[in-house]
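We use all heavy atoms of the structure for the numbers below, so side chains are in, but hydrogens, waters and symmetry mates are not. Throughout, a chain's letter reflects where its sequence line sits, starting with A, and its residues are numbered from 1.
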Amino acid sequence: MSESTHRRFFLWVLLAPALLWLLGLVILPHVELLLLSLQARTGPGEYGFSLEQYRTFVDEPLYWNTFVRTATLSVLATVLTLLLAFPAAWYIAKVAQGRAKTVLLVLCLLPFWVSEMVRTLGWLILLRETGVVSSVLQAVGLADQPVELLYRDATILVGLVYASLLFMVIPLVNSLESLDDSLIEAAYDLGGSTANIVRRIVIPHAAPGIAAGCIVVFMLCLGNYLTPTLLGGKNSLWFTEQIYTQFITRFNWNQGAAFGFLLLFLSSLLVWTGLKLTGQRFGAVMKT
Amino acid sequence: MIPSLPRPASQRFGLGAFVAGFFVFLFVPLLVVAVFAFNDAAYPTPPWMGFTLDWFAADSDTRTGLLADGELMRSLGTSAWVALWVTVLSVGVGTCNAFLLERFEFPGKNAIALLTMLPLVIPGVILGISILAFASRIANFADETWGLELDFLRPGLPLVILGQFCYIVTIATLTISASLRRFDRTLEEAAYNLGASRLAVLWTITLPYLRPSMIGAAAMAFLMSFENFNTTLMLVGSDPPLTVLMYGRMREGATPVLNAISLFLMIASALLALMLLWRKPAGTSD
Amino acid sequence: QDNKTLRLLTWGGYAPKDVIEQFTKETGFKVEVTTSNNEEMISKLRATAGAGFDLAQPSQDRIAGPQTEFKIYKPMDMSKIKADLFIPSMLEATKKNTTVGGAVYGVPHIWGTDGLVVNTKTSKATDYADLCVAENAGKVSMRLKRPTLIAMAFASGKDPFALYNDPKAYGALMDEMGKKLADCKKNVKFYWDGKDQLLAGIRSGELTTAMMWDTGGWELNKANPDVKFIAPKSGALGWVDTFAIPAKGRNDAAAYAWINFNMRPEIAAKVASAAGNFTASKGADQMMDEGLKKQFADSFPEAALNNIKWYPAVPAGIEDIEGRVLDRVKAAK
Amino acid sequence: MPNPLPAAPAGAGEHDLEVLSLHKGFAAFVAVQDLSFSVRRGSFFSILGPSGCGKTTLLRMIAGFIAPDGGDLRIKGQSMLGVAPNRRPVNMVFQHLALFPMMSVGENIAYGLERRGIKSAAAKAKVTDMLQRVGLPGSEGKRIDQLSGGQKQRVAIARSLVLEPALLLLDEPLGALDLKLREHMKVELKQLQAEVGTTFVYITHDQSEALVMSDQVAVMNHGRFEQVGSPQQLYYQPATAFVAGFVGNNNRFEGRVETRNGEQVLMRTAQGLGLWSQRVGALDVGQTAVLFVRPEAIEIGRQASELPPGDPAFSATVHSVLFDGGNSTVQVNEATSGAPLHIALPLTGRLADLQTGETVHFAYQPSQAWCFQA
Amino acid sequence: MPNPLPAAPAGAGEHDLEVLSLHKGFAAFVAVQDLSFSVRRGSFFSILGPSGCGKTTLLRMIAGFIAPDGGDLRIKGQSMLGVAPNRRPVNMVFQHLALFPMMSVGENIAYGLERRGIKSAAAKAKVTDMLQRVGLPGSEGKRIDQLSGGQKQRVAIARSLVLEPALLLLDEPLGALDLKLREHMKVELKQLQAEVGTTFVYITHDQSEALVMSDQVAVMNHGRFEQVGSPQQLYYQPATAFVAGFVGNNNRFEGRVETRNGEQVLMRTAQGLGLWSQRVGALDVGQTAVLFVRPEAIEIGRQASELPPGDPAFSATVHSVLFDGGNSTVQVNEATSGAPLHIALPLTGRLADLQTGETVHFAYQPSQAWCFQA
Ligand SMILES: Nc1ncnc2c1ncn2[C@@H]1O[C@H](COP(=O)(O)OP(=O)(O)OP(=O)(O)O)[C@@H](O)[C@H]1O
Ligand SMILES: Nc1ncnc2c1ncn2[C@@H]1O[C@H](COP(=O)(O)OP(=O)(O)OP(=O)(O)O)[C@@H](O)[C@H]1O
Ligand SMILES: NCCCCNCCCN
Ligand SMILES: [Mg+2]
Ligand SMILES: [Mg+2]
């Protein structure tokens with residue numbers, strides 16, 4: 001076999017699993033989703049082409065509002081996560097030395113190794129009216145009767161931020177570690193203040209990491225199901241919950257598929273806009 | 001700022017306090033879960049009713065501890081089984097993908113590289129339903145046209161494995177690709193030059209070099225599979241993995257046995273962390 | 001899989017451990033239990049086109065519709081059912097409600113009601129409408145599901161079941177109920193989803209009044225006599241959970257064996273006690289737990305018993321109407 | 001451009017490597033142009049050229065990592081066209097050494113032996129012996145990252161030499177070392193080659209390395225050899241302007257030939273400086289030319305009388321003294337034209353105290369300066 | 001160890017930097033020991049020492065990135081203890097330059113000016129002017145990664161110089177460049193410093209850099225200065241054995257003093273080679289000693305008669321010739337003792353044709369060799 005047929009053979013050997021995966025588990029299922037979303041029931045067990053499912057989304061402000069609400073809370077959660085994770089990532093990447101650095105990083109990972117379910121259970125125990133925090137507040141006299149901390153939007157935010165931290169910390173640590181200390185020293189040596197160095201040196205350098213973290217966190221929040229349903233209260237309308245509802249409690253796969261597709265489309269649009277606004281490229285960002 | 005720059009005590013203290021608070025925030029929920037595993041009450045909520053080990057060991061009419069809870073233990077086994085398959089598949093295909101993307105040029109490569117990253121930004125629920133819908137279509141088609149019942153395309157463990165694999169393989173691909181990109185290809189040329197066949201080069205040089213990242217990807221894949229909920233929920237059949245079972249229990253009647261199993265998971269992952277720390281000398285985080 | 005296993009899709013509490021053990025001992029069939037609720041049962045079977053389970057237990061009103069739409073069950077072979085184990089009226093009613101295209105798809109197993117669970121110390125609620133009065137504000141819970149809409153309609157003096165076959169009128173009624181529930185939302189602490197969530201709320205005193213199954217009320221009553229299940233003035237809603245065989249069930253022998261085994265009075269009594277409900281098994285009554293009987297008698301005086309509104313089969317399309325309304329309630333501020 | 005002098009391929013008996021009209025292009029760009037040369041058995045042959053001139057491409061063709069577009073390539077008389085790299089009797093020492101970090105020193109050296117199926121006891125003996133020869137006895141068990149730069153170097157060479165190749169190819173192996181160590185390794189490598197007797201083909205862009213170590217040096221530029229010869233030949237008889245400028249330090253002047261006297265020509269620069277030199281190749285009055293004279297070929301003195309009589313003498317002003325011990329030079333401007341020149345200061349340090357602005361005198365032998373057609 | 005000769009701190013008027021008993025340890029390890037020196041205004045001051053001797057630690061203390069354990073540090077007469085790095089009138093050029101990749105060349109240079117609140121028009125003018133001075137006019141808009149190594153170098157220096165610091169600190173800024181470019185930048189840096197007149201404190205482990213560029217060089221070892229002086233002083237009058245060995249190439253011999261004659265001593269090595277030299281510091285008959293003689297201080301000839309009369313003469317066998325053009329040396333073994341020596345070959349190339357095994361003769365002036373107590 002000649003060198004180039006050899007290579008072509010290996011190319012196909014490697015391409016086969018990738019194509020199987022991408023076609024069989026990513027592309028075709030989403031095509032199926034698209035097709036499903038373009039159908040509506042015409043009679044018992046009979047379906048035909050229709051834009052009805054999308055029309056529902058447009059006509060019924062409820063679903064549109066749910067999406068806006070989900071997206072807004074997700075953006076908010078992403079920003080909060082970034083604000084919380086940045087100093088911690090900074091500490092891990094730049095201040096902690098040697099083994100302490102590794103230990104801190106592993107400590108960050110640890111909560112995420114036990115399932116989201118467990119963590120949510122923890123928040124439930126902490127925040128419910130008869131929960132730990134409420135009891136503590138009463139014990140120290142900050143409250144004179146039980147306080148209900150669950151079932152608020154703020155609670156959802158706490159839950160989302162908590163569930164997202166790791167996915168922000170890791171890319172941030174990676175990109176901050178690659179920032180040469182001497183750049184900071186040089187900026188300082190040239191008279192830069194901390195705030196200015198952060199703005200002019202650190203953030204531009206970490207931008208791909210920040211973008212990567214934000215994209216992943218935003219999508220995770222948007223796609224979260226457990227946290228909003230378990231921690232959110234009577235108003236906790238979440239778009240994934242709508243999709244789940246359509247599929248599971250309404251048996252309306254067509255509507256669910258349309259919602260799914262809309263979520264995918266609208267969130268990609270948001271991410272794309274975000275990348276454009278900050279002048280980043282998806283491929284480059286996700287490699288950080 | 002960095003340690004070599006003199007910082008006002010307030011700044012240093014402020015950052016330290018923040019980080020301390022950060023880790024408290026990270027661990028408090030786990031701590032309460034762990035503590036209430038020992039609560040001598042039928043429900044995993046305050047008030048504290050005293051210490052008991054019932055939720056680990058009991059096997060009575062009113063209380064079923066972790067060890068006696070066959071359903072729970074079975075789902076733990078199911079989770080491990082699923083995670084094992086997902087890990088093997090993800091690392092295997094991820095390694096192939098890494099070679100494909102780092103070593104080959106072919107038309108459409110950019111598109112494939114981009115597609116590879118896509119599953120990371122598709123919400124898990126949607127991944128689940130699209131796979132469910134697609135699999136149902138094929139299965140229904142096979143059923144209607146040939147009367148063939150393709151079981152593995154119906155909700156159940158095979159679909160759960162495929163669904164989880166679908167996005168976990170992306171992470172494995174990214175991890176292994178990054179390591180392969182850093183690999184100095186002259187090492188391969190050197191081996192080849194020293195008389196090794198191409199296969200021997202792969203086996204004695206490239207794969208040993210990739211081993212740490214493959215192990216890392218495997219650990220990651222296992223854990224992500226183990227804790228996955230969103231995708232699994234849509235694809236699960238009659239034998240639920242742990243997360244799905246716990247979700248059901250939380251809706252239908254949670255006892256502190258959930259805290260007990262959670263504590264078990266925490267200890268297992270902490271041990272894993274210790275092992276990793278032990279293996280990794282100080283300062284070589286990546 | 002082998003023919004030695006029965007894969008059972010059912011409600012929590014319907015397959016107690018000792019009953020399973022006894023069944024296995026007698027028949028050699030092992031039992032794998034998956035617990036679920038009506039909606040999930042249907043959607044699971046829909047996704048598998050009726051595969052994956054050998055026996056399911058949806059409520060009798062939720063069989064005909066999904067069967068018409070998705071063809072997820074196979075007809076019952078009544079010859080394999082020991083009809084004399086059932087309370088005849090119940091068997092007949094269920095057969096009637098679950099008949100599609102001349103075939104019967106379900107036989108009754110457990111029955112009970114939806115009503116109010118009230119902490120009599122802190123709440124004076126007697127009907128669904130009381131969930132929405134000011135004095136209960138913030139201490140009320142209900143499910144954001146179709147029974148709540150229906151209950152509200154009865155509480156408003158309407159008969160929603162009468163409108164089942166008039167989607168327009170039904171839709172209008174539901175819209176009205178939706179508004180009512182939206183107005184009531186400020187009273188609601190949370191819409192419960194899992195039973196445990198609700199029980200914990202009442203147990204801890206966070207809730208005083210809730211719409212719920214009788215069984216949950218009685219369970220709470222055991223621990224705290226102040227908490228009672230009451231049949232609302234406008235009538236408790238009566239449901240019957242059934243046995244139905246999925247279209248691609250692979251172990252019908254085990255399924256029929258389980259049905260007949262379960263309907264034996266002593267077994268049915270055991271199951272009913274575990275579930276906290278009553279059974280369609282003839283003669284199980286005598287063997288039921290005395291406490292439960294007393295609780296039942298407390299909750300259901302003669303008039304209340306006669307006033308139970310039994311769910312008729314849900315025609316297709318109804319759930320879409322309800323779903324939209326429920327979504328709006330959820331979205332309301 | 002004057003013709004280079006490729007050594008004509010001789011009988012296979014004497015030559016380990018023969019390259020015949022070898023050619024390689026990348027798209028429109030020609031990296032190696034029709035190259036022919038041969039390397040004598042047991043010699044140390046260097047290829048010296050600026051970055052990008054095609055050295056690595058040539059070496060990788062010899063090793064088999066790149067297939068030539070045309071020409072032939074014989075090792076020990078056998079054509080290597082179509083022979084895979086792992087089947088050629090050559091081994092290569094890579095620029096960054098390419099030691100296998102996951103293996104110990106011993107495993108690295110044994111790697112090639114094992115690939116040949118040599119059993120572990122025999123391999124072990126060879127490894128021990130090889131480590132002895134490169135001056136690292138007993139280092140088998142060390143990890144690669146425990147070695148110093150120079151030790152790594154030796155392990156890399158040992159790893160190749162243990163296979164007893166017909167030819168050892170080295171691609172700038174000293175490039176990554178720091179200055180002092182590089183000086184040291186130059187001498188060591190040369191000695192090692194003399195001891196083992198293997199033919200070395202060595203690539204570098206550092207002229208000092210090539211000069212110090214080699215028996216033969218080929219100066220490469222734009223994919224061709226400009227000159228092949230001994231270090232002394234290159235240094236004292238550069239065949240082309242490129243070689244004169246690239247090998248060793250040089251003062252370079254441009255101008256037009258004014259007078260010719262046998263093999264010597266007088267060139268005058270635009271600023272009016274007239275310089276005598278040896279002409280190389282065809283060159284006659286009126287042609288534009290470049291002239292080179294080495295800093296160390298120029299005699300300098302405070303007084304004109306200190307200079308050797310007979311050579312044309314100039315006076316100049318000191319611009320700056322670059323004191324560097326034995327390598328000190330002075331930068332001067334010739335008095336009449338202002339042309340800048342570097343002149344090496346005597347080794348004895350006699351003129352180390354020159355001051356900027358001082359007047360000095362200098363002279364050189366025209367036979368030690370060369371003039372080429374521009 | 002003989003006492004080094006620290007320049008005593010003088011009036012602040014003349015000195016931009018005074019260091020007084022500066023001290024710094026890391027745990028048990030002392031990185032900088034009780035160091036005192038001062039740097040004259042406008043001079044180019046280098047600190048030369050092997051890796052790990054404490055150079056960077058010292059420089060970072062001056063810059064303010066490390067707080068000293070003891071001692072004082074004055075810049076333009078003002079103590080800098082407790083003054084933050086961004087408030088000291090010094091700027092630093094980092095080893096890897098630390099140019100901000102996210103800013104253009106112009107923004108890099110303007111960065112410090114903006115931090116001082118200088119309005120953008122004024123800053124712009126200064127940047128333009130500075131780029132002109134470092135030979136990169138009009139490069140404001142370029143990205144950092146569009147620059148070559150030497151250009152980056154210049155931008156890094158421009159970025160610091162534009163702030164007109166009292167002192168510019170440079171930490172091995174040429175370390176990352178390749179050989180040819182480094183040679184070039186050496187000369188350029190020296191010229192730039194002469195033009196701008198800013199005081200430079202320059203760190204390096206490359207003796208050639210220190211010698212070529214500096215007005216004053218401090219040779220550092222184990223956290224102390226061994227000698228401070230002009231390049232010529234270090235080269236021709238090393239104060240310690242360390243300096244003699246570290247600065248320039250040297251032949252080194254160990255032995256015992258046999259005879260003393262005024263300031264000259266005869267040392268005999270273990271193999272019996274007897275060498276006359278200048279003694280440095282206290283040293284007398286019977287003491288063990290080390291002796292240095294530079295390769296270029298030794299005269300060599302094929303005939304003994306070619307050597308200058310009067311100096312002790314030796315004969316030797318050529319071991320190998322390291323031909324390197326103007327820097328060629330020959331390695332010989334002294335005839336009676338077999339002791340190996342390096343001898344520089346004459347610049348003229350007169351002995352470039354020496355062959356291994358030939359007998360040669362060499363001699364040196366004892367006043368150009370130094371002997372230190374071992
Ligand atoms: N695969 C390739 N595709 C296109 N051009 C190439 C390729 N490899 C090398 N070249 C070009 O061929 C020329 C010669 O490259 P080569 O690597 O042989 O130079 P070199 O002499 O080894 O240089 P250096 O001293 O920098 O290593 C260069 O101009 C290079 O850009
Ligand atoms: N933060 C530190 N902690 C402990 N030891 C240190 C620290 N910084 C430097 N050292 C030690 O102090 C000594 C001097 O270090 P320094 O960096 O000043 O050396 P250097 O002369 O600049 O060397 P090089 O030429 O390699 O840069 C070294 O032995 C180093 O290991
Ligand atoms: N504990 C089991 C309760 C079962 C309730 N089935 C209710 C059906 C109501 N539509
Ligand atoms: Mg090269
Ligand atoms: Mg240093």
Side-chain angles (χ1 to χ4, degrees), chain A residues 11 14-15 17-18 21-22 25-26 28-30 32-33 36 87-88 91 94-95 98-99 101-102 105-107 110-111 113-119 121-123 125-126 128 130-132 135 181 184-185 188 194 215-216 219 222-223 225-226 240 243-244 247 253 256 260 263-264 271 283 286, chain B residues 1-5 15 18-19 22-23 26-27 29-30 32-33 36 44-46 93 96-97 99-100 104 106 112-115 117-126 129-131 133-134 137 162 166 169 223 227 229-230 243 246-247 258 262 265-266 269-270 273 276-277 280 282-283 285:
Chain A
L11 175 62
L14 293 176
L15 210 47
W21 159 51
L22 290 173
L25 294 176
V26 184
L28 292 180
H30 285 88
E32 167 70 25
L33 204 62
L36 265 183
Y91 191 89
K94 291 287 169 200
V95 180
R99 188 165 281 262
K101 193 198 233 17
T102 332
L105 206 57
V106 170
L107 278 184
L110 212 51
W113 289 0
V114 300
S115 73
E116 186 177 2
M117 198 72 58
V118 175
R119 290 177 268 141
L121 177 64
W123 283 113
I125 299 174
L126 274 172
R128 62 181 311 144
T130 48
V132 175
S135 311
D181 276 3
I184 296 165
E185 289 177 355
Y188 195 65
T194 300
I215 290 177
V216 169
M219 295 312 272
L222 213 55
Y225 176 77
L226 270 183
T240 43
I243 297 172
Y244 182 86
F247 262 82
W253 283 20
L263 177 63
L264 207 54
V271 167
M286 296 315 280
Chain B
M1 287 263 106
I2 53 179
S4 66
L5 298 185
L15 184 61
F18 179 91
V19 172
F22 180 86
F23 281 99
L26 226 43
F27 279 91
L30 298 190
V32 296
V33 170
F36 280 92
T45 48
V93 175
C96 288
N97 288 346
F99 275 93
L100 182 71
F104 286 86
F106 52 93
I112 289 203
L114 211 63
L115 275 177
M117 286 181 256
L118 210 55
L120 271 195
V121 292
I122 302 176
V125 170
I126 297 188
I129 58 169
S130 64
I131 291 174
F134 181 58
R137 170 172 301 246
L162 284 180
C166 178
V169 69
L223 291 166
E227 78 119 26
F229 175 76
N230 289 357
T243 47
M246 284 177 76
Y247 180 66
L258 291 190
S262 303
L265 290 182
M266 288 178 216
S269 32
L276 286 180
L277 276 181
K280 239 187 220 173
S285 64

Between [atom1] of [X] and [atom2] of [Y], what distance do you get to the nearest 0.5 Å?
{"X": "Y247(B)", "Y": "M117(A)", "atom1": "OH", "atom2": "CE", "result": "8.0 Å"}
{"X": "F106(B)", "Y": "L14(A)", "atom1": "CZ", "atom2": "CG", "result": "9.0 Å"}
{"X": "I125(A)", "Y": "F36(B)", "atom1": "CD1", "atom2": "CZ", "result": "6.0 Å"}
{"X": "M219(A)", "Y": "I126(B)", "atom1": "CE", "atom2": "CD1", "result": "8.0 Å"}
{"X": "L121(A)", "Y": "L30(B)", "atom1": "CG", "atom2": "CG", "result": "10.0 Å"}

From CA spacing to verdict: side chain to side chain contact (heavy atoms under 4.5 Å, CB included), W21(A), C166(B): CA-CA 7 Å; W21(A) 159 51; C166(B) 178; 4.0 Å; yes

Does any non-hydrogen side-chain atom of [Y] lie less than 4.5 Å from one of [X]?
{"X": "V118(A)", "Y": "M266(B)", "value": "yes"}
{"X": "V19(B)", "Y": "P87(A)", "value": "no"}
{"X": "L107(A)", "Y": "L26(B)", "value": "no"}
{"X": "L110(A)", "Y": "F27(B)", "value": "yes"}
{"X": "I2(B)", "Y": "V95(A)", "value": "no"}
{"X": "F23(B)", "Y": "P111(A)", "value": "no"}

Test log, rule side chain to side chain contact (heavy atoms under 4.5 Å, CB included), inputs I122(B) and H30(A): CA-CA 10 Å; I122(B) 302 176; H30(A) 285 88; 3.7 Å; yes

Audit row: T243(B), E116(A), side chain to side chain contact (heavy atoms under 4.5 Å, CB included) steps and yes/no: CA-CA 8 Å; T243(B) 47; E116(A) 186 177 2; over 6 Å; no

For chain B, which of [options] has the most heavy-atom pairs under 4.5 Å?
{"options": "V106(A), V26(A), L28(A)", "value": "L28(A)"}
{"options": "G131(A), P29(A), A88(A), G260(A)", "value": "P29(A)"}
{"options": "L15(A), L25(A), L22(A)", "value": "L25(A)"}
{"options": "D181(A), T240(A), L36(A), V216(A)", "value": "D181(A)"}

Step-by-step side chain to side chain contact (heavy atoms under 4.5 Å, CB included) determination, V114(A) to E227(B): CA-CA 7 Å; V114(A) 300; E227(B) 78 119 26; over 6 Å; no

Leading residue by heavy atom contact count with chain A [cutoff under 4.5 Å; candidates L118(B), V125(B), N230(B)]: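 If we count pairs closer than 4.5 Å to chain A, N230(B) comes out on top.
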
Side chain, backbone, both or neither of V121(B) within contact of chain A (heavy atoms, under 4.5 Å):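 Both parts, backbone and side chain.
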
Side chain, backbone, both or neither of F22(B) within contact of chain A (heavy atoms, under 4.5 Å):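 Contact with chain A is through the side chain of F22(B) alone.
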
Chain B contact via W123(A) - side chain, backbone, both or neither, heavy atoms under 4.5 Å: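 Contact with chain B: backbone and side chain both.
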
Residue part contacting chain B, namely of I243(A), when any heavy atom lies under 4.5 Å: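 Contact with chain B is through the side chain of I243(A) alone.
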
